[in-house]
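Letters A, B, ... are given to chains in the order of the sequence lines, protein chains preceding strands, and every chain is numbered from 1.
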Amino acid sequence: MKNQRTPTLFEQKIYDALLHIPKGRVTTYKLLAQTLRCRSAQAIGQALKRNPFAPEVPCHRVIRSDHHLGGFQGKRAGASIREKTRLLEQEGVLFNPEGFLIDPDRIVQI
DNA sequence: CGCAGATGGCTAG
DNA sequence: CTAGCCATCTGCG
C-alpha cells in the first residue's frame, strides 16, 4: 500500500463536503457535483471509491439521485450495500428492502 | 421499461 | 501526452 498520493483539489472538496453533511442527512452524487461546481457525478464516485480518507470520510452518506443506495466499498451490490443502509438507518435515514430511500427529505445540499 | 451515450475528472502507461 | 475507468446521469426507442 504505497499509494498515498497527494489528494487532488476535487477530492478535498468532496471529502470536505461530506464532512459538512449533518448527522442523519444524505446527499446525492449529482447534488454534490453541483456543489463542487462539477458536471460529472462519475468523478465523485471514483474519488469515493478510491477514498484514501476512508473511513474518516462518511462516504456512506452519499447516494444516487434516484434515491437509490448506489454503491459502497467499491461494490454496487452485496453485503457492503447492506452495511451502508445499516449505517444510514442508525443515523435516522431509512431505506426500502430494495435499497431505495424512504425519506427524500433527508437529502440536503451542501 | 430498458439500453446506449454522454460527461468530467482520475489513474496508469 | 494518450487511453481507459467510474459507487453516475440523461435521453431516446
Side-chain angles (χ1 to χ4, degrees):
Chain A
M1 295 206 168
K2 48 192 170 178
N3 33 12
Q4 285 243 328
R5 63 202 99 97
T6 306
T8 62
L9 189 69
F10 271 95
E11 288 184 310
Q12 291 187 37
K13 284 182 176 178
I14 294 166
Y15 307 135
D16 185 62
L18 288 177
L19 294 170
H20 287 202
I21 298 175
K23 188 182 176 190
R25 232 112 253 193
V26 287
T27 188
T28 64
Y29 290 101
K30 197 184 155 203
L31 204 65
L32 191 61
Q34 287 189 31
T35 306
L36 300 180
R37 225 46 179 143
C38 178
R39 293 196 249 193
S40 16
Q42 300 93 332
I44 308 288
Q46 235 188 21
L48 292 177
K49 183 195 171 195
R50 301 252 158 208
N51 205 357
F53 289 88
E56 292 186 44
V57 177
C59 46
H60 64 267
R61 287 187 189 160
V62 188
I63 60 176
R64 278 190 19 182
S65 53
D66 292 291
H67 299 173
H68 196 260
L69 274 161
F72 191 53
Q73 289 187 344
K75 291 169 196 176
R76 311 206 285 194
S80 303
I81 301 300
R82 228 159 129 190
E83 194 171 282
K84 180 174 179 173
T85 313
R86 191 75 169 170
L87 289 166
L88 289 170
E89 277 189 51
Q90 290 181 55
E91 307 224 337
V93 188
L94 302 178
F95 282 82
N96 273 347
E98 293 188 46
F100 272 84
L101 180 63
I102 298 176
D103 293 317
D105 188 65
R106 301 282 175 180
I107 301 177
V108 292
Q109 185 168 24
I110 313 287

Fill in: Interatomic distance, Lys75(A) NZ vs dC6(C) C1' [rounded to whole Å]
16 Å
Discussion item. Without decimals, in angstroms, what is the distance between Arg39(A) CZ and dG5(B) P?
Written reply: 22 Å
Worksheet item: Checking Lys84(A) side chain against Val62(A) main chain: does a donor-acceptor pair fall under 3.5 Å?
Response: yes
Response to the item:
Here the distance between atom P of dC5(C) and atom CZ of Arg76(A), to the nearest Å, is 14 Å
Worksheet item: Tell me: CD of Gln73(A) to C1' of dA7(C), nearest whole Å?
Response: 11 Å
Fill in: Under 4.0 angstrom between Ser65(A) side-chain N/O and dC9(C) OP1 or OP2
yes
Worksheet item: Just how far, in rounded Å, is C1' of dG8(B) from NZ of Lys13(A)?
Response: 14 Å
Discussion item. Between P on dA7(C) and NE2 on His67(A), what's the gap in Å once rounded to a whole number?
Written reply: 21 Å
Worksheet entry | Base partner of dA7(C), which must satisfy Watson-Crick or wobble distances under 3.5 Å | none
Worksheet item: Roughly how many Å is it from NE2 in His68(A) to P in dT8(C), rounded to a whole number?
Response: 10 Å
Discussion item. Ignoring hydrogens, what is the shortest heavy-atom contact between Arg64(A) and Thr28(A)? Give both atom names and the distance.
Written reply: O-CG2, 3.4 Å
Discussion item. Heavy-atom count check: over 12 atoms from other residues, nucleotides or ligands less than 6.0 Å from Gln90(A) CD?
Written reply: yes
Discussion item. Tell me if a side-chain donor or acceptor on Tyr15(A) pairs with a main-chain N or O of Glu56(A) at a distance below 3.5 Å.
Written reply: no
Discussion item. By nearest heavy atom, map Gln42(A) and Arg50(A) onto DNA chain B; which one lands nearer the 5' end?
Written reply: Gln42(A)
Response to the item:
Contacts of Cys38(A) and Glu11(A) projected onto DNA chain B by closest heavy atom; the upstream (5') one is Cys38(A)
Worksheet entry | Non-hydrogen atoms of Ile110(A) and His20(A) that approach each other most closely | CG2-CB, 3.9 Å
Discussion item. Tell me which residues in residues 21-34 of chain A lie within less than 4.0 Å of DNA chain C, going by non-hydrogen atoms.
Written reply: Tyr29(A), Lys30(A)
Practice prompt. Scan Ser80(A) against the nucleic acid and name what it touches under 4.0 Å (heavy atoms): base, sugar-phosphate only, or nothing.
Written response: nothing
Worksheet item: Which one is paired to dT7(B), where only Watson-Crick or G-U wobble pairs with both distances under 3.5 angstrom count?
Response: none
Discussion item. Treating Thr35(A) as the side-chain partner and Leu31(A) as the backbone partner, does any N or O pair qualify as donor plus acceptor under 3.5 Å?
Written reply: yes
Fill in: Residue closer to the 5' end of DNA chain C, Asp66(A) versus Gln46(A) (nearest nucleotide)
Gln46(A)
Worksheet entry | N/O (side chain, Arg64(A)) to phosphate O (OP1/OP2, dC9(C)) under 4.0 Å | yes
Worksheet entry | Lys84(A), nearest nucleotide to its side chain (from dA7(C), dG8(B), dC10(B)) | dA7(C)
Worksheet item: Asn51(A) side chain to Ala54(A) main-chain N or O, any donor-acceptor pair under 3.5 Å?
Response: yes
Worksheet item: Can you tell me how far C1' of dT11(B) sits from NZ of Lys49(A), to the nearest Å?
Response: 11 Å
